[in-house]
K.L.:
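Take a look at the following structure, please.
By convention in this document, chain letters (A, B, ...) are assigned in the order of the sequence lines, proteins followed by strands, and residues within each chain are numbered from 1. From a predicted model like this one, the values you see are computed outputs, not experimental measurements.
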Number of protein chains: 2
Amino acid sequence: MTTGPQPDIAPDTPLSKERLRLWLKLLKASSLLEDEVRRRLRAEYSGTLPRFDVMSALSRVPEGLKMSEISKMLRVSNGNVTVVVDKLAQDGLAQRVAVPGDRRANLVQLTAKGQATFAEHAAAHEAWIDDLLGGLNADDIEGMILRLDRLAETLEERDI
Amino acid sequence: MTTGPQPDIAPDTPLSKERLRLWLKLLKASSLLEDEVRRRLRAEYSGTLPRFDVMSALSRVPEGLKMSEISKMLRVSNGNVTVVVDKLAQDGLAQRVAVPGDRRANLVQLTAKGQATFAEHAAAHEAWIDDLLGGLNADDIEGMILRLDRLAETLEERDI
DNA sequence: TGTTTTTATTTCAAGCTTGAATAATTGAAG
DNA sequence: CTTCAATTATTCAAGCTTGAAATAAAAACA
(Lines give C-alpha, C1' and ligand atoms only; values in the text may rest on other atoms or scores of the structure.)
Protein backbone atom coordinates (compact mmCIF):
# COMPACT_ATOMS: atom_id res chain seq x y z
CA MET A 1 0.00 0.00 0.00
CA THR A 2 1.01 3.59 -0.41
CA THR A 3 2.58 5.72 2.23
CA GLY A 4 0.56 8.81 1.51
CA PRO A 5 0.19 11.72 3.88
CA GLN A 6 -1.20 10.68 7.21
CA PRO A 7 -4.38 12.54 7.91
CA ASP A 8 -5.38 12.75 11.50
CA ILE A 9 -2.75 11.72 13.94
CA ALA A 10 -0.32 14.35 15.08
CA PRO A 11 2.59 12.53 16.73
CA ASP A 12 3.55 15.41 18.98
CA THR A 13 0.05 15.98 20.28
CA PRO A 14 0.04 15.65 24.03
CA LEU A 15 -1.87 12.70 25.37
CA SER A 16 -4.24 14.96 27.25
CA LYS A 17 -5.37 16.52 23.97
CA GLU A 18 -6.08 13.06 22.62
CA ARG A 19 -8.03 12.21 25.73
CA LEU A 20 -10.13 15.30 25.21
CA ARG A 21 -10.72 14.39 21.55
CA LEU A 22 -11.76 10.92 22.61
CA TRP A 23 -14.14 12.27 25.20
CA LEU A 24 -15.83 14.57 22.71
CA LYS A 25 -16.28 11.72 20.24
CA LEU A 26 -17.49 9.34 22.91
CA LEU A 27 -20.02 11.86 24.12
CA LYS A 28 -21.19 12.66 20.63
CA ALA A 29 -21.66 9.05 19.60
CA SER A 30 -23.53 8.05 22.70
CA SER A 31 -25.69 11.17 22.57
CA LEU A 32 -26.62 10.48 18.96
CA LEU A 33 -27.53 6.90 19.76
CA GLU A 34 -29.37 7.77 22.94
CA ASP A 35 -31.39 10.48 21.22
CA GLU A 36 -32.30 8.11 18.43
CA VAL A 37 -33.42 5.40 20.83
CA ARG A 38 -35.41 8.01 22.72
CA ARG A 39 -37.00 9.18 19.48
CA ARG A 40 -38.01 5.69 18.40
CA LEU A 41 -39.32 4.78 21.83
CA ARG A 42 -41.47 7.85 21.70
CA ALA A 43 -42.58 7.47 18.09
CA GLU A 44 -43.35 3.77 18.16
CA TYR A 45 -44.46 3.14 21.72
CA SER A 46 -45.19 6.57 23.20
CA GLY A 47 -42.60 5.60 25.77
CA THR A 48 -39.65 7.30 27.38
CA LEU A 49 -36.15 6.14 28.18
CA PRO A 50 -36.37 6.64 31.95
CA ARG A 51 -39.48 4.46 32.10
CA PHE A 52 -37.81 1.86 29.93
CA ASP A 53 -34.78 1.88 32.23
CA VAL A 54 -36.88 1.42 35.35
CA MET A 55 -38.91 -1.37 33.76
CA SER A 56 -35.68 -2.99 32.63
CA ALA A 57 -34.33 -2.99 36.17
CA LEU A 58 -37.59 -4.35 37.54
CA SER A 59 -37.80 -7.05 34.89
CA ARG A 60 -34.59 -8.61 36.16
CA VAL A 61 -35.93 -8.99 39.71
CA PRO A 62 -39.43 -10.48 39.79
CA GLU A 63 -39.75 -10.12 43.56
CA GLY A 64 -39.39 -6.37 43.15
CA LEU A 65 -36.97 -3.61 44.06
CA LYS A 66 -37.06 -0.91 46.69
CA MET A 67 -37.15 2.65 45.44
CA SER A 68 -33.68 3.24 46.79
CA GLU A 69 -32.39 0.14 45.03
CA ILE A 70 -33.71 1.38 41.71
CA SER A 71 -32.13 4.73 42.45
CA LYS A 72 -28.73 3.15 43.04
CA MET A 73 -28.92 0.79 40.07
CA LEU A 74 -29.81 3.52 37.62
CA ARG A 75 -27.73 6.19 39.34
CA VAL A 76 -30.56 8.66 39.47
CA SER A 77 -31.96 10.58 42.41
CA ASN A 78 -34.59 9.24 44.75
CA GLY A 79 -37.01 11.95 43.79
CA ASN A 80 -36.64 10.97 40.19
CA VAL A 81 -37.50 7.35 40.88
CA THR A 82 -40.59 8.43 42.78
CA VAL A 83 -41.84 10.38 39.77
CA VAL A 84 -41.12 7.66 37.22
CA VAL A 85 -42.63 4.88 39.33
CA ASP A 86 -45.68 7.08 39.92
CA LYS A 87 -46.15 7.30 36.17
CA LEU A 88 -45.62 3.58 35.64
CA ALA A 89 -48.14 2.87 38.40
CA GLN A 90 -50.66 5.28 36.87
CA ASP A 91 -50.36 3.36 33.62
CA GLY A 92 -50.78 0.04 35.39
CA LEU A 93 -47.28 -1.11 34.46
CA ALA A 94 -45.84 -1.26 37.97
CA GLN A 95 -47.14 -1.47 41.52
CA ARG A 96 -45.88 -0.74 45.01
CA VAL A 97 -46.21 -3.52 47.55
CA ALA A 98 -45.47 -3.26 51.26
CA VAL A 99 -42.27 -4.70 52.67
CA PRO A 100 -43.09 -6.88 55.66
CA GLY A 101 -41.21 -5.58 58.67
CA ASP A 102 -40.31 -2.18 57.28
CA ARG A 103 -43.06 0.34 56.95
CA ARG A 104 -40.78 2.91 55.39
CA ALA A 105 -39.98 0.97 52.28
CA ASN A 106 -41.95 -0.27 49.28
CA LEU A 107 -41.15 -3.00 46.86
CA VAL A 108 -41.87 -2.00 43.29
CA GLN A 109 -42.88 -4.79 40.93
CA LEU A 110 -43.84 -4.96 37.31
CA THR A 111 -47.46 -5.92 36.78
CA ALA A 112 -48.33 -8.57 34.21
CA LYS A 113 -49.12 -5.75 31.84
CA GLY A 114 -45.77 -4.18 32.67
CA GLN A 115 -43.92 -7.39 31.94
CA ALA A 116 -45.63 -7.78 28.58
CA THR A 117 -45.03 -4.15 27.67
CA PHE A 118 -41.40 -4.31 28.64
CA ALA A 119 -40.83 -7.53 26.70
CA GLU A 120 -42.16 -5.83 23.60
CA HIS A 121 -40.08 -2.69 24.08
CA ALA A 122 -36.95 -4.65 24.91
CA ALA A 123 -37.18 -6.72 21.75
CA ALA A 124 -37.55 -3.60 19.66
CA HIS A 125 -34.72 -1.95 21.53
CA GLU A 126 -32.37 -4.82 20.83
CA ALA A 127 -33.22 -4.70 17.14
CA TRP A 128 -32.68 -0.95 17.02
CA ILE A 129 -29.24 -1.25 18.57
CA ASP A 130 -28.35 -4.02 16.19
CA ASP A 131 -29.40 -1.74 13.38
CA LEU A 132 -27.68 1.39 14.67
CA LEU A 133 -24.40 -0.37 15.47
CA GLY A 134 -24.53 -2.39 12.27
CA GLY A 135 -21.54 -0.52 10.91
CA LEU A 136 -19.23 -2.13 13.45
CA ASN A 137 -17.77 -5.57 12.82
CA ALA A 138 -16.93 -8.16 15.46
CA ASP A 139 -13.40 -6.80 15.78
CA ASP A 140 -14.58 -3.25 16.35
CA ILE A 141 -17.07 -4.41 18.93
CA GLU A 142 -14.62 -6.48 20.91
CA GLY A 143 -12.01 -3.73 20.69
CA MET A 144 -14.37 -1.17 22.10
CA ILE A 145 -15.77 -3.43 24.79
CA LEU A 146 -12.25 -4.23 25.93
CA ARG A 147 -11.35 -0.58 26.30
CA LEU A 148 -14.63 0.46 27.81
CA ASP A 149 -14.18 -2.25 30.41
CA ARG A 150 -10.76 -0.87 31.20
CA LEU A 151 -12.17 2.62 31.52
CA ALA A 152 -15.08 1.47 33.67
CA GLU A 153 -12.65 -0.34 35.95
CA THR A 154 -10.56 2.74 36.63
CA LEU A 155 -13.68 4.82 37.20
CA GLU A 156 -15.14 2.30 39.62
CA GLU A 157 -11.93 2.18 41.61
CA ARG A 158 -12.40 5.88 42.20
CA ASP A 159 -16.12 5.65 42.98
CA ILE A 160 -17.12 7.72 40.00
CA MET B 1 -20.94 -24.30 10.02
CA THR B 2 -24.39 -22.89 10.67
CA THR B 3 -26.65 -24.10 13.38
CA GLY B 4 -29.50 -24.88 11.09
CA PRO B 5 -32.35 -22.90 9.62
CA GLN B 6 -32.86 -19.54 11.23
CA PRO B 7 -36.14 -17.63 11.22
CA ASP B 8 -36.02 -14.62 8.94
CA ILE B 9 -37.27 -12.11 11.42
CA ALA B 10 -35.14 -12.57 14.51
CA PRO B 11 -31.57 -11.35 13.99
CA ASP B 12 -30.72 -12.55 17.45
CA THR B 13 -27.24 -13.58 16.47
CA PRO B 14 -24.29 -13.55 18.83
CA LEU B 15 -23.13 -10.40 17.09
CA SER B 16 -26.34 -8.56 17.89
CA LYS B 17 -25.96 -9.57 21.54
CA GLU B 18 -22.44 -8.18 21.46
CA ARG B 19 -23.71 -4.96 19.93
CA LEU B 20 -26.20 -4.64 22.75
CA ARG B 21 -23.47 -5.30 25.33
CA LEU B 22 -21.33 -2.66 23.71
CA TRP B 23 -24.14 -0.14 23.70
CA LEU B 24 -24.84 -0.66 27.39
CA LYS B 25 -21.18 -0.22 28.24
CA LEU B 26 -20.83 2.80 25.98
CA LEU B 27 -23.86 4.42 27.55
CA LYS B 28 -22.71 3.65 31.06
CA ALA B 29 -19.21 5.00 30.57
CA SER B 30 -20.31 8.21 28.93
CA SER B 31 -23.06 8.73 31.50
CA LEU B 32 -20.61 8.29 34.35
CA LEU B 33 -18.18 10.73 32.81
CA GLU B 34 -20.84 13.23 31.89
CA ASP B 35 -22.38 13.15 35.35
CA GLU B 36 -18.98 13.65 36.93
CA VAL B 37 -18.17 16.61 34.69
CA ARG B 38 -21.59 18.04 35.51
CA ARG B 39 -20.96 17.55 39.19
CA ARG B 40 -17.59 19.27 39.13
CA LEU B 41 -18.84 22.13 36.99
CA ARG B 42 -21.55 22.69 39.51
CA ALA B 43 -19.41 22.23 42.60
CA GLU B 44 -16.44 24.31 41.50
CA TYR B 45 -17.98 26.94 39.27
CA SER B 46 -21.71 26.86 39.98
CA GLY B 47 -22.03 26.16 36.27
CA THR B 48 -24.00 23.74 34.16
CA LEU B 49 -23.09 21.62 31.16
CA PRO B 50 -25.57 23.20 28.72
CA ARG B 51 -24.17 26.65 29.46
CA PHE B 52 -20.65 25.34 29.09
CA ASP B 53 -21.56 23.79 25.74
CA VAL B 54 -23.08 27.00 24.44
CA MET B 55 -20.13 29.08 25.62
CA SER B 56 -17.82 26.56 24.02
CA ALA B 57 -19.56 26.93 20.68
CA LEU B 58 -19.52 30.71 20.96
CA SER B 59 -15.86 30.81 21.93
CA ARG B 60 -14.89 29.28 18.62
CA VAL B 61 -16.61 32.02 16.62
CA PRO B 62 -15.78 35.51 17.93
CA GLU B 63 -18.15 37.21 15.49
CA GLY B 64 -21.00 35.31 17.08
CA LEU B 65 -23.53 32.65 16.15
CA LYS B 66 -27.19 32.81 15.34
CA MET B 67 -29.53 31.01 17.71
CA SER B 68 -30.35 28.48 15.01
CA GLU B 69 -26.67 27.85 14.37
CA ILE B 70 -26.10 27.08 18.02
CA SER B 71 -29.12 24.81 17.93
CA LYS B 72 -27.73 22.85 14.98
CA MET B 73 -24.19 22.65 16.34
CA LEU B 74 -25.28 21.32 19.70
CA ARG B 75 -28.19 19.30 18.35
CA VAL B 76 -30.65 20.74 20.79
CA SER B 77 -33.98 22.41 20.15
CA ASN B 78 -34.38 26.09 19.37
CA GLY B 79 -36.42 26.65 22.48
CA ASN B 80 -33.65 25.20 24.55
CA VAL B 81 -31.06 27.58 23.08
CA THR B 82 -33.33 30.51 23.86
CA VAL B 83 -33.49 29.55 27.51
CA VAL B 84 -29.77 28.91 27.91
CA VAL B 85 -28.75 32.10 26.10
CA ASP B 86 -31.24 34.04 28.23
CA LYS B 87 -29.47 32.78 31.32
CA LEU B 88 -26.02 33.53 29.95
CA ALA B 89 -27.18 37.03 29.04
CA GLN B 90 -28.65 37.55 32.51
CA ASP B 91 -25.28 36.68 33.97
CA GLY B 92 -23.48 39.01 31.60
CA LEU B 93 -21.65 36.18 29.89
CA ALA B 94 -23.24 36.52 26.45
CA GLN B 95 -25.11 39.17 24.53
CA ARG B 96 -27.44 39.32 21.57
CA VAL B 97 -26.50 41.73 18.81
CA ALA B 98 -28.59 42.61 15.80
CA VAL B 99 -27.75 41.14 12.43
CA PRO B 100 -27.57 43.97 9.90
CA GLY B 101 -30.05 43.25 7.14
CA ASP B 102 -32.04 40.59 8.95
CA ARG B 103 -34.27 41.69 11.74
CA ARG B 104 -35.39 38.16 12.52
CA ALA B 105 -32.03 36.88 13.62
CA ASN B 106 -29.65 37.68 16.45
CA LEU B 107 -25.99 37.05 16.68
CA VAL B 108 -25.02 35.76 20.08
CA GLN B 109 -21.55 36.65 21.26
CA LEU B 110 -19.57 35.99 24.38
CA THR B 111 -18.89 39.13 26.38
CA ALA B 112 -15.39 39.78 27.69
CA LYS B 113 -16.58 38.35 30.98
CA GLY B 114 -17.97 35.35 29.13
CA GLN B 115 -14.67 34.76 27.37
CA ALA B 116 -12.73 34.91 30.60
CA THR B 117 -15.20 32.65 32.37
CA PHE B 118 -15.19 30.10 29.58
CA ALA B 119 -11.39 30.07 29.39
CA GLU B 120 -11.29 29.21 33.06
CA HIS B 121 -13.94 26.50 32.80
CA ALA B 122 -12.40 25.02 29.67
CA ALA B 123 -8.98 24.70 31.26
CA ALA B 124 -10.51 22.93 34.25
CA HIS B 125 -12.59 20.75 31.95
CA GLU B 126 -9.57 19.61 30.00
CA ALA B 127 -7.75 18.75 33.20
CA TRP B 128 -10.76 16.81 34.48
CA ILE B 129 -10.97 14.75 31.32
CA ASP B 130 -7.26 14.06 31.43
CA ASP B 131 -7.75 12.92 34.99
CA LEU B 132 -10.85 10.83 34.34
CA LEU B 133 -9.47 9.13 31.22
CA GLY B 134 -6.05 8.69 32.80
CA GLY B 135 -6.53 4.93 32.86
CA LEU B 136 -6.32 4.73 29.07
CA ASN B 137 -2.98 4.63 27.30
CA ALA B 138 -2.21 6.04 23.87
CA ASP B 139 -3.11 2.75 22.22
CA ASP B 140 -6.48 2.56 23.91
CA ILE B 141 -7.23 6.11 22.97
CA GLU B 142 -6.35 5.75 19.32
CA GLY B 143 -8.18 2.44 19.15
CA MET B 144 -11.36 3.95 20.50
CA ILE B 145 -11.13 7.10 18.42
CA LEU B 146 -10.72 4.98 15.30
CA ARG B 147 -13.83 2.97 16.04
CA LEU B 148 -15.91 5.87 17.21
CA ASP B 149 -15.07 7.64 13.96
CA ARG B 150 -16.24 4.60 12.06
CA LEU B 151 -19.46 4.52 14.03
CA ALA B 152 -20.03 8.25 13.62
CA GLU B 153 -19.53 7.88 9.90
CA THR B 154 -22.21 5.24 9.51
CA LEU B 155 -24.60 7.23 11.68
CA GLU B 156 -24.02 10.41 9.68
CA GLU B 157 -24.67 8.60 6.43
CA ARG B 158 -28.09 7.80 7.79
CA ASP B 159 -28.75 11.27 9.17
CA ILE B 160 -28.93 10.10 12.73
C1' DT C 1 -47.11 44.83 -6.42
C1' DG C 2 -49.35 41.33 -3.36
C1' DT C 3 -49.35 36.52 -1.90
C1' DT C 4 -47.23 32.50 -0.36
C1' DT C 5 -43.47 30.03 1.52
C1' DT C 6 -39.47 29.73 4.13
C1' DT C 7 -36.55 31.12 7.89
C1' DA C 8 -35.57 32.74 12.75
C1' DT C 9 -36.87 32.99 17.11
C1' DT C 10 -39.81 32.83 21.14
C1' DT C 11 -43.38 30.92 24.03
C1' DC C 12 -45.66 27.16 26.07
C1' DA C 13 -46.98 22.72 28.31
C1' DA C 14 -45.24 18.57 29.59
C1' DG C 15 -41.80 15.66 31.24
C1' DC C 16 -37.09 14.61 33.18
C1' DT C 17 -33.60 15.57 36.70
C1' DT C 18 -31.33 17.18 40.65
C1' DG C 19 -30.30 18.46 45.46
C1' DA C 20 -32.36 20.08 49.49
C1' DA C 21 -35.91 19.90 52.85
C1' DT C 22 -39.35 17.12 55.10
C1' DA C 23 -41.53 13.22 57.30
C1' DA C 24 -41.80 8.72 58.86
C1' DT C 25 -39.60 4.65 60.52
C1' DT C 26 -35.96 1.80 62.14
C1' DG C 27 -31.81 0.87 64.66
C1' DA C 28 -28.26 1.89 68.00
C1' DA C 29 -26.38 3.84 72.23
C1' DG C 30 -26.67 5.04 76.60
C1' DC D 1 -36.72 3.06 77.79
C1' DT D 2 -35.20 7.18 75.62
C1' DT D 3 -32.63 9.74 72.75
C1' DC D 4 -29.95 10.21 68.65
C1' DA D 5 -28.48 8.73 64.26
C1' DA D 6 -29.35 6.37 59.93
C1' DT D 7 -32.53 4.80 56.41
C1' DT D 8 -36.52 5.28 53.21
C1' DA D 9 -39.40 7.76 50.56
C1' DT D 10 -41.80 11.97 49.15
C1' DT D 11 -42.22 16.83 48.08
C1' DC D 12 -40.44 20.98 46.28
C1' DA D 13 -38.13 24.63 43.52
C1' DA D 14 -35.18 25.20 39.95
C1' DG D 15 -33.24 24.08 35.70
C1' DC D 16 -32.93 21.33 31.34
C1' DT D 17 -35.26 19.51 27.27
C1' DT D 18 -38.49 18.68 23.72
C1' DG D 19 -42.00 19.36 20.10
C1' DA D 20 -45.66 22.17 18.81
C1' DA D 21 -47.75 26.57 18.26
C1' DA D 22 -47.23 31.43 17.64
C1' DT D 23 -44.88 35.61 15.86
C1' DA D 24 -42.27 38.10 12.90
C1' DA D 25 -39.42 39.01 9.00
C1' DA D 26 -37.33 37.79 4.70
C1' DA D 27 -37.45 35.54 0.25
C1' DA D 28 -39.74 33.61 -3.64
C1' DC D 29 -43.05 34.06 -6.85
C1' DA D 30 -47.00 35.30 -9.65
K.L.:
May I ask you to verify if any side-chain N or O of A:K87 is less than 4.0 angstrom from the OP1 or OP2 atom of C:dC16?
P.N.:
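Answer yes for this pair, as a side-chain N or O of A:K87 is under 4.0 Å from OP1 or OP2.
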
K.L.:
Only counting residues at least two apart or in another chain, list the ones meeting side-chain contact (heavy atoms from CB on, under 4.5 Å) with A:L22.
P.N.:
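With neighbours one apart ignored, the set is B:L133, B:L136, B:I141, B:M144, B:I145, B:L148.
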
K.L.:
May I have the distance from A:R39 (atom CZ) to D:dA20 (atom P), rounded to whole angstrom?
P.N.:
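Result: 12 Å.
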
K.L.:
Using the test side-chain contact (heavy atoms from CB on, under 4.5 Å), find all partners of A:L146 that sit at least two apart in sequence or belong to another chain.
P.N.:
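If we apply the side-chain contact (heavy atoms from CB on, under 4.5 Å) test to A:L146, skipping adjacent residues, the hits are A:R150.
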
K.L.:
Hey, can you pull the residues of residues 25-36 of chain A with a non-hydrogen atom under 4.0 angstrom from DNA chain C?
P.N.:
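Close to the strand, none.
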
K.L.:
Suppose we screen for side-chain contact (heavy atoms from CB on, under 4.5 Å). Which residues come up paired with A:S31, at least two apart in sequence or across chains?
P.N.:
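Applying side-chain contact (heavy atoms from CB on, under 4.5 Å) to A:S31 gives A:L27.
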
K.L.:
Report the relative orientation of the aromatic rings in A:F52 and A:H125; use parallel for angles under 30°, tilted for 30 to 60°, perpendicular for over 60°.
P.N.:
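Geometry flag for A:H125 against A:F52: tilted rings.
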
K.L.:
Suppose clustering is done on Ile, Leu, Val, Met, Phe, Trp and Tyr with side-chain heavy atoms closer than 4.5 Å. Which residues sit in the same group as B:V99?
P.N.:
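Traced through the cluster, B:V99 reaches B:V97, B:L107.
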
K.L.:
Side-chain N or O of A:R103 less than 4.0 angstrom from OP1 or OP2 on D:dT8?
P.N.:
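A:R103 to D:dT8 OP1/OP2: no side-chain N or O under 4.0 Å.
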
K.L.:
Could you list the residues that satisfy side chain to side chain donor-acceptor pair (under 3.5 Å) with A:R103, not counting sequence neighbours?
P.N.:
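Testing A:R103 for side chain to side chain donor-acceptor pair (under 3.5 Å), a comparison that skips the adjacent residues, returns none.
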
K.L.:
Just call it for B:V76: base, sugar-phosphate, or nothing, with non-hydrogen atoms closer than 4.0 Å on any strand.
P.N.:
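Result for B:V76 = sugar-phosphate.
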
K.L.:
In whole angstroms, how far is the C1' atom of C:dT17 from the CZ atom of B:R42?
P.N.:
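Taking CZ of B:R42 and C1' of C:dT17, I get 11 Å after rounding.
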
K.L.:
Suppose the criterion is salt bridge (Lys or Arg N to Asp or Glu O under 4.0 Å): which pairs have a residue in residues 53-63 of chain B, not counting sequence neighbours?
P.N.:
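Non-adjacent pairs meeting salt bridge (Lys or Arg N to Asp or Glu O under 4.0 Å): zero.
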
K.L.:
In whole angstrom, what separates B:R38's CZ from C:dC16's P?
P.N.:
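It is 16 Å, rounded to the nearest whole Å.
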
K.L.:
In chain order, what residues pass the side chain to side chain donor-acceptor pair (under 3.5 Å) check against A:S59, with sequence neighbours excluded?
P.N.:
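Per chain and number, A:S59 pairs via side chain to side chain donor-acceptor pair (under 3.5 Å) with no residue.
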
K.L.:
Rounded to the nearest Å, what distance is computed from the CD1 atom of residue B:I70 to the C1' atom of nucleotide D:dC16?
P.N.:
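Rounding to the nearest Å, CD1 of B:I70 and C1' of D:dC16 are 16 Å apart.
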
K.L.:
Which pairs, with at least one residue in residues 127-138 of chain B and sequence neighbours excluded, count as a side chain to side chain donor-acceptor pair (under 3.5 Å)?
P.N.:
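Of all non-adjacent pairs touching residues 127-138 of chain B, those that pass side chain to side chain donor-acceptor pair (under 3.5 Å) are A:R19-B:D130, A:R158-B:D131, B:R40-B:D131.
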
K.L.:
I'd like to know if B:D91 and B:R51 make a salt bridge, using a cut-off of under 4.0 Å between side-chain N and carboxylate O.
P.N.:
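Salt bridge between B:D91 and B:R51, a charged N being under 4.0 Å from a carboxylate O: yes.
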
K.L.:
Can you list everything that forms a side-chain contact (heavy atoms from CB on, under 4.5 Å) with B:S77? Sequence neighbours excluded, please.
P.N.:
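So B:S77 forms a side-chain contact (heavy atoms from CB on, under 4.5 Å) with B:N80.
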
K.L.:
Please list residues of residues 47-56 of chain B whose heavy atoms come under 4.0 Å from any atom in DNA chain D, ordered by number; otherwise none.
P.N.:
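Contacting residues: B:T48, B:P50, B:R51.
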
K.L.:
Along nucleotides 7-12 of chain C, 5' to 3', which nucleotides get a B, which get an S, and which get a -, given that the test is a protein heavy-atom distance under 4.0 Å?
P.N.:
BSBBB-

